[in-house]
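Quick note on labels: first sequence line is chain A, next is B, and so on, each numbered from 1. Quantities reported herein were computed from a predicted structural model and do not represent experimental measurements.
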There are 2 protein chains.
Amino acid sequence: MSTVAPDKLQARADRKTRKRQEKKDQIARSAMQALQELGYANTSLRDIAARADLSLGMLHYYFEDRTQLILHCVSLYKAAFISGLEDALSDASGREPVINALANALATSIVEDASTHRLWYDIRGQALFDPAFRPMVRELEAALIGVVESAAEKTGSARPDMGEFGYALIDGVFRYQMQNQLTGTPRDHQSLATEMRALLEKLF
Amino acid sequence: MSTVAPDKLQARADRKTRKRQEKKDQIARSAMQALQELGYANTSLRDIAARADLSLGMLHYYFEDRTQLILHCVSLYKAAFISGLEDALSDASGREPVINALANALATSIVEDASTHRLWYDIRGQALFDPAFRPMVRELEAALIGVVESAAEKTGSARPDMGEFGYALIDGVFRYQMQNQLTGTPRDHQSLATEMRALLEKLF
DNA sequence: CATAAAATCGGACACTTGTCCAAATTTTAT
DNA sequence: ATAAAATTTGGACAAGTGTCCGATTTTATG
């Protein structure tokens with residue numbers, strides 16, 4: 001029989017799993033550093049371990065395999081990017097403010113997090129070949145489509161297929177901007193936002 | 001001194017290099033098979049050699065290294081895709097015919113060559129990390145931007161930045177269609193063309 | 001403090017990778 | 001027919017990969 005109350009045991013177990021989750025997140029953040037820099041194809045577990053100041057074995061102590069670790073990274077990316085967009089949108093109402101908020105949020109993300117998005121596009125590309133990544137990609141894209149639909153409603157331009165179609169268009173411009181930012185001529189926030197606003201004005 | 005005329009020597013040399021080029025193309029076509037199926041990250045030179053019914057050493061006899069071989073594949077893809085689009089456009093004049101021709105050509109390519117485009121998107125993503133691929137990606141995208149500009153002129157809607165902006169938009173929809181075709185619910189030619197036409201009507 | 005559990009290390013492992021080369025074969029030219 | 005050149009082979013090589021595990025250290029618990 002146990003010498004402590006069941007609720008206390010539960011509390012302990014929760015603390016344990018929460019601590020474990022935090023450690024996983026911390027490892028994933030280090031992993032994202034490496035993946036952002038080197039790309040999916042060129043990042044080894046040793047690269048990740050080095051950046052996390054951890055031994056190789058630890059990675060397998062916290063993650064089943066390489067794929068699970070990378071999926072955890074994408075999960076973190078999703079949470080950050082989506083909630084950022086949703087926050088930007090939630091503060092705005094009315095057509096022009098909504099368009100401005102979205103354009104500004106996207107432009108800011110290009111300037112500040114271009115190499116993080118580069119990693120996302122890399123993983124999304126991998127999902128075209130490796131089914132293991134598809135559910136996560138689908139989840140993230142569904143959330144992005146939801147953001148577009150939400151913006152469409154706020155601007156009074158909600159239509160069937162607006163979410164998917166709008167996502168594809170915005171993503172096309174966003175990706176191209178990211179590519180130019182990293183491998184071409186970097187542009188400032190205003191220029192990026194203006195271009196994105198031009199698209200959103202036509203879309204919504 | 002030589003026993004044959006210089007022009008004959010020249011002709012021989014040309015035949016040699018042409019034969020060599022054809023062999024390189026043939027190897028590259030086999031390589032594309034493997035790359036289309038497995039993706040950049042998961043395709044080894046042994047995978048390629050197996051599909052080309054060639055020994056491993058042959059690949060290095062014809063190509064300096066793995067990167068050069070893959071670049072040759074992209075070069076072949078470029079020639080085929082771009083000239084296909086240019087042909088489709090050259091036969092059309094007037095706003096609606098041009099829009100229809102472009103929408104149809106793109107939709108046909110989604111239905112027939114989705115996995116080839118998947119490879120292109122994979123390589124384009126690699127270029128974000130590996131500078132060796134960037135010149136080729138730039139070249140191909142410049143050609144695609146040129147196609148969009150050409151279409152814009154034919155529809156009388158040429159504007160500054162129309163090429164880049166239009167390319168980004170069309171690419172966003174095209175890529176999303178390709179992704180759905182391969183990992184989601186495949187659609188028929190008409191449905192794809194209708195969606196693309198809807199975009200082109202607004203763009204031009 | 002003692003003990004059990006969790007965390008961490010360091011290295012072994014089997015396998016794959018791109019590259020390279022000496023030798024053998026085939027093709028071409030004289 | 002013969003020499004030279006081009007092509008092809010098969011395997012060796014070192015480096016790198018993901019995975020796994022026994023031993024050790026650290027942490028939490030009674």
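Donor-acceptor pairing under 3.5 Å is recorded for the side chains of Tyr121(B) and Asp171(B).
Screening residues 127-137 of chain B for salt bridge (Lys or Arg N to Asp or Glu O under 4.0 Å), with sequence neighbours left out, gives no hits. The salt bridge (Lys or Arg N to Asp or Glu O under 4.0 Å) contacts involving residues 34-49 of chain B comprise Glu37(B)-Arg51(B), where partners must be two or more places apart or lie in separate chains. Screening residues 59-72 of chain A for salt bridge (Lys or Arg N to Asp or Glu O under 4.0 Å) gives no qualifying pairs among residues at least two apart or on separate chains. Sorted by first then second residue, the salt bridge (Lys or Arg N to Asp or Glu O under 4.0 Å) pairs that include residues 187-204 of chain B, not counting sequence neighbours, are Arg95(B)-Glu201(B), Arg187(B)-Glu195(B).
In this structure Tyr62(A) satisfies the ring-ring contact (aromatic ring centres under 6.0 Å, His included) test with no other residue, sequence neighbours excluded. Scored by the salt bridge (Lys or Arg N to Asp or Glu O under 4.0 Å) test, Arg118(B) finds no partners at all (sequence neighbours excluded). In this view, Glu86(A) satisfies the salt bridge (Lys or Arg N to Asp or Glu O under 4.0 Å) rule with no residue, not counting sequence neighbours.
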Base versus backbone protein contacts along nucleotides 3-14 of chain D [heavy-atom cut-off under 4.0 Å; B, S, -]: ---SBBBB-B--

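Across the protein-nucleic acid pair, Gln68(A) atom CD and dT19(D) atom P stand 10 Å apart, rounded to whole Å. For Glu64(B) and dC21(C), the CD to P distance is 14 Å, given to the nearest whole Å. dC21(C) atom P lies 16 Å from atom CG of Leu59(B), rounded to whole Å. Rounded to a whole Å, the CG atom of Asn42(A) is 13 Å from the C1' atom of dT17(C). When the P atom of dT19(C) is taken as reference, atom CZ of Arg66(B) falls 9 Å away, rounded to whole Å. When rounded to the nearest whole Å, the span between CG of Leu69(B) and P of dT17(C) equals 15 Å. When the C1' atom of dT17(C) is taken as reference, atom CG of Asp65(B) falls 14 Å away, rounded to whole Å. As rounded to whole Å, 16 Å separates atom C1' of dA7(C) from atom CD of Gln21(A).
Using a 4.0 Å cut-off between charged side-chain N and carboxylate O, Asp25(B) and Arg20(B) make no salt bridge.
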DNA chain C base-pair string [pairs: Watson-Crick or G-U under 3.5 Å; |: paired with another strand]: |.||||||||||||||||||||||||||||

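Each of dT17(D), dT19(C), dT19(D) was ranked by its minimum atom distance to the side chain of Leu45(A); first place goes to dT19(D).
Residue His60(B) has a polar side-chain atom (N or O) positioned under 4.0 Å from OP1 or OP2 of dT19(C).
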